[in-house]
Amino acid sequence: MAVRHQKSVTARQCAGLVVGFGGTLLIFSPWHSASSVASAGGLECLAASISYAISYVYMDRFLARRGMSPIALSACQLLVAAALLAVALPFYGAGAPQASAASLASLVILGVLGTGVAYVLNYQIITSEGATVAATVTYLLPVVAIVLGVLVLGETVTITVLAGIALVLAGVALTRPRDRPAVRDEAP
């Protein structure tokens, strides 16, 4: 909205963004550990959030609406990212990757099924619904992390976190465009 990319944002969508943001605040509760928000990791998370916002507008404005398939866009984006990563690896002390059955299986599962499919779906949502609606998927990341923490790590959930999850889900629902009722064709 700040860069005036989307021509019309409804009051309902604005409310959804605010409610969803409020939910993430409840989930993370930065007032309980203000020192960790101002830490290097906290600032990096904030920078990542800003990067998400910029990337959705960029993808919508310059990539998604050019008539290319979401698969081609996703493949190109991931190939460029892999090339940049390969160039950066030697400068950070990382050795040459070792190919093994486990590493190749991980690459297929995480790279193709996880990231690849997610990118294709992301481009499809941007094309059909716009950047604002597509960006609300980032609100769901903390919810998924909490569910996985409970199921996999046996973490406990507080009432504040449950309230945050409810607000996040309500915020995402509010950003979705309302279905317009079908116009009935009545016989004279």
Nearest heavy atoms of [X] and [Y], plus distance in Å:
{"X": "A170", "Y": "V19", "value": "CB-CG1, 4.3 Å"}
{"X": "L73", "Y": "A64", "value": "CD1-CA, 4.0 Å"}
{"X": "P70", "Y": "S74", "value": "O-OG, 2.8 Å"}
{"X": "P142", "Y": "T24", "value": "CG-CG2, 4.2 Å"}

[X] [atom1] to [Y] [atom2] distance, which is reported to the nearest 0.5 Å:
{"X": "L110", "Y": "S103", "atom1": "CG", "atom2": "OG", "result": "11.5 Å"}
{"X": "I109", "Y": "L104", "atom1": "CD1", "atom2": "CG", "result": "11.0 Å"}
{"X": "Y52", "Y": "I50", "atom1": "OH", "atom2": "CD1", "result": "13.5 Å"}

*Should V147 and V150 count as side-chain neighbours, where that means a heavy-atom distance under 4.5 Å?*
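Heavy-atom side-chain distance check fails, nothing below 4.5 Å.
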
*Contact check, side chains of V137 and I125, non-hydrogen atoms, under 4.5 Å*: no

*Among V120, I126, N122, T127, which one satisfies side chain to side chain contact (heavy atoms under 4.5 Å, CB included) with Q124?*
V120

*Report the residue from L140, I27, T160, L26 that forms a side chain to side chain contact (heavy atoms under 4.5 Å, CB included) with I165.*
I27

*Might you confirm whether atom CG of L84 has over 12 heavy atoms from other residues, nucleotides or ligands at distances under 6.0 Å?*
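Counting other residues, nucleotides and ligands, CG of L84 exceeds 12 neighbours.
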
*Taking atom CG of L148 as the centre, report whether more than 12 heavy atoms of other residues, nucleotides or ligands fall under 6.0 Å from it.*
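Yes - once you tally the heavy atoms of other residues, nucleotides and ligands closer than 6.0 Å, there are more than 12.
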
Check whether any side-chain N or O of [X] sits under 3.5 Å from a backbone N or O of [Y] as a donor-acceptor pair, and report yes or no.
{"X": "S51", "Y": "A47", "value": "yes"}
{"X": "R66", "Y": "F62", "value": "yes"}
{"X": "Y139", "Y": "L17", "value": "yes"}

Would [X] end up clustered with [Y] when hydrophobic side chains under 4.5 Å apart are linked, directly or stepwise?
{"X": "M59", "Y": "L78", "answer": "no"}
{"X": "I71", "Y": "Y119", "answer": "no"}
{"X": "V144", "Y": "L153", "answer": "yes"}
{"X": "L169", "Y": "V157", "answer": "yes"}
{"X": "V18", "Y": "L174", "answer": "no"}

